[in-house]
Colleague: 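Submitted below is the structure of interest, expressed as structure tokens.
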There are 2 protein chains.
Amino acid sequence: MTDTNNNLFNTELISEVPEVVIQRLPLYVRVLSQFTNMLGGDVISSEQLASHLQMTPAQIRKDLSYFGRFGKQGRGYNVDMLETKLRSILGLDRTWNAAVVGMGRLGRAVVSYPGFSPEGFIINSAFDNSEKIIGKTISGLKVQPISNLTNSVEKLDIKIGIVAVPVGCAQEVIDILVEGGIKSILNYAPLSPKVPDDVVVRGIDPVLSLKSMTYYMR
Amino acid sequence: MTDTNNNLFNTELISEVPEVVIQRLPLYVRVLSQFTNMLGGDVISSEQLASHLQMTPAQIRKDLSYFGRFGKQGRGYNVDMLETKLRSILGLDRTWNAAVVGMGRLGRAVVSYPGFSPEGFIINSAFDNSEKIIGKTISGLKVQPISNLTNSVEKLDIKIGIVAVPVGCAQEVIDILVEGGIKSILNYAPLSPKVPDDVVVRGIDPVLSLKSMTYYMR
């Protein structure tokens, strides 16, 4: 199968694969690289994957079956091959530029976090609305006024907006990102924003994560 | 229906409700309180809920139907009633004690974050393995050696472990928490740990969240 066929194949599948499956693919990638680093094995079974993911082997086999046949019956998956293929499906075989909006304590922590760039996420711009912060250089980025955002999206090829503003102005900032053409938003503010159907939002909210565990603790 | 019946009812349902539904309940709670704060409305439709959650109204009605009948056909849900009921289902009508392990930059940010306690999550202890940090008082918590953990779990009624250690020792720390009797772990380290089936882990990893969006950006 050629690359062209692969792409065609994936594009056709986009609407069919449940979002929850897509959200699990990065977890598979993470376990596969852990497995390579720790054990150096070249084959991994769905049972081994499952033991790291609080899932059943059958769920994992079903998730992966959306994207073709990766393993041989009873033989497990080739670790490198599966990781490469999943990275390609997820679009992780290239880099993506991101802008941070909100350069307070949280935004500064985000731009100084060393985990993004090795994984292909390049924070190439920073925005704020405070006169005290605009113009300063933080972690190598000159903070721009939010009014520059729309122009910068195209000029700097920004694909992801990272929202690090207080909850009270998060919806407003998200509206500006959406109007500027951003379709992917990583939202640190503890609210569920309203966005058009073609915009994907992922939230980072530790309180929300805690609340999804207490059900099992009662 | 009495409270006792309610509890019985929920307990019987635990094994039947898919985990993905449980994970969405806190999102519903969040939108319901946003709705009360912003609009002051007393009735919300599944369409209004859906518009904040990138879901369909039918999905929301199906999720809620696992827990009984909340709304009247065509009339929407009573906001207060639904929020109260969901909080009770999730065990959010009480407080839960948590311990942070790892008091480096991340752990310090976690214990100083003001968002946990108003939502009923009380960080009542902090642990580290560095002689330089043990014994110091940070955000009102005296940092203890990890060897104290097992004793503290019972004495301080710790129900949640928050892992804020470097990725290289995260599995080891999680093993210690599990041996100490902790069943709920909030994991900031970028790895998928191996835990027994009765332990629930939620990860906070912005890179993982970014990777679940790139699929839609290709």
Colleague: Out of A:R30, A:R24, A:K211, which one racks up the most heavy-atom pairs below 4.5 Å with chain B?
Modeller: A:R30
Colleague: Using a cut-off of under 4.5 Å on heavy-atom pairs, state which of B:I160, B:V31, B:L25 scores highest against chain A.
Modeller: B:I160
Colleague: Using non-hydrogen atoms and a 4.5 Å limit, figure out which bit of A:I162 sits close to chain B: side chain, backbone, both or neither.
Modeller: neither
Colleague: To the nearest 0.5 Å, tell me how far B:I176 CD1 sits from B:L149 CG.
Modeller: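 The distance works out to 7.5 Å.
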Colleague: In terms of heavy-atom pairs under 4.5 Å with chain A, which of B:S192, B:S212, B:A109 leads?
Modeller: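 Between B:S192, B:S212, B:A109, the count favours B:S192.
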Colleague: Which atoms of B:F116 are under 4.5 Å from chain A, going by heavy atoms: the side chain, the backbone, both sets, or neither?
Modeller: both
Colleague: Taking all non-hydrogen atoms of both residues into account, name the closest pair between A:S209 and B:L186 and its distance.
Modeller: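 Taking A:S209 first and B:L186 second, the nearest heavy atoms are CB-CD1, 3.6 Å.
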Colleague: Within the 4.5 Å heavy-atom criterion, are B:Q48 and B:Y77 side-chain neighbours or not?
Modeller: no
Colleague: For the interface with chain B, which of A:A98, A:P190, A:G203 has the highest count of heavy-atom pairs at distances below 4.5 Å?
Modeller: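 Heavy-atom pair counts peak at A:P190.
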Colleague: Looking at A:D205, A:V167, A:V200, which has the largest count of heavy-atom pairs under 4.5 Å with chain B?
Modeller: A:V200
Colleague: Side chain, backbone, both or neither: which part of B:R105 has an atom under 4.5 Å from a heavy atom of chain A?
Modeller: side chain
Colleague: If every non-hydrogen atom of A:A164 is compared with every non-hydrogen atom of A:G102, which pair is closest and at what distance?
Modeller: CB-O, 3.7 Å
Colleague: Please look at B:K159 and chain A and tell me whether the side chain, the backbone, both or neither of the residue comes under 4.5 angstrom of a heavy atom of that chain.
Modeller: both
Colleague: As an exercise: rank B:R94, B:Q23, B:K183, B:E119 by heavy-atom pairs under 4.5 Å with chain A and give me the winner.
Modeller: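 Counting heavy-atom pairs under 4.5 Å, the top option is B:E119.
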Colleague: Given that the side chain runs from C-beta out, which part of B:L208 has a heavy atom under 4.5 Å from chain A: side chain, backbone, both or neither?
Modeller: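 B:L208 touches chain A through backbone and side-chain heavy atoms alike.
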Colleague: Given a strict heavy-atom distance threshold of 4.5 Å, which part of B:V110 is in contact with chain A: side chain, backbone, both, or neither?
Modeller: neither
Colleague: Which one wins on heavy-atom pair count under 4.5 Å against chain B: A:V201, A:V29, A:D198?
Modeller: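 Of the candidates given, the most pairs with chain B belong to A:V201.
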Colleague: Can you spot which of B:V163, B:V111, B:L106 makes a side chain to side chain contact (heavy atoms under 4.5 Å, CB included) with B:V100?
Modeller: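 The option that passes is B:V111.
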Colleague: So which of B:G115, B:G91, B:P196, B:S184 has the largest heavy-atom pair count under 4.5 angstrom toward chain A?
Modeller: B:S184
Colleague: Nearest 0.5 angstrom please: A:Q34 CD to B:K194 NZ, how far?
Modeller: 10.5 Å
Colleague: To the nearest 0.5 Å, tell me how far A:L86 CG sits from A:M81 CE.
Modeller: 9.5 Å
Colleague: If I take atom CG from residue A:L32 and atom CZ from residue A:R87, how far apart are they, to the nearest 0.5 angstrom?
Modeller: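 If we round to the nearest 0.5 Å, A:L32:CG and A:R87:CZ are 9.0 Å apart.
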Colleague: Rounded to the nearest 0.5 Å, what's the gap from CH2 on A:W96 to CD1 on A:I158? Could you check?
Modeller: 14.0 Å
Colleague: Can you tell me if B:D63 and B:Q59 form a side-chain donor-acceptor pair at under 3.5 Å?
Modeller: no
Colleague: With only heavy atoms counted, which part of B:V20 is less than 4.5 Å from chain A, the side chain, the backbone, both or neither?
Modeller: side chain
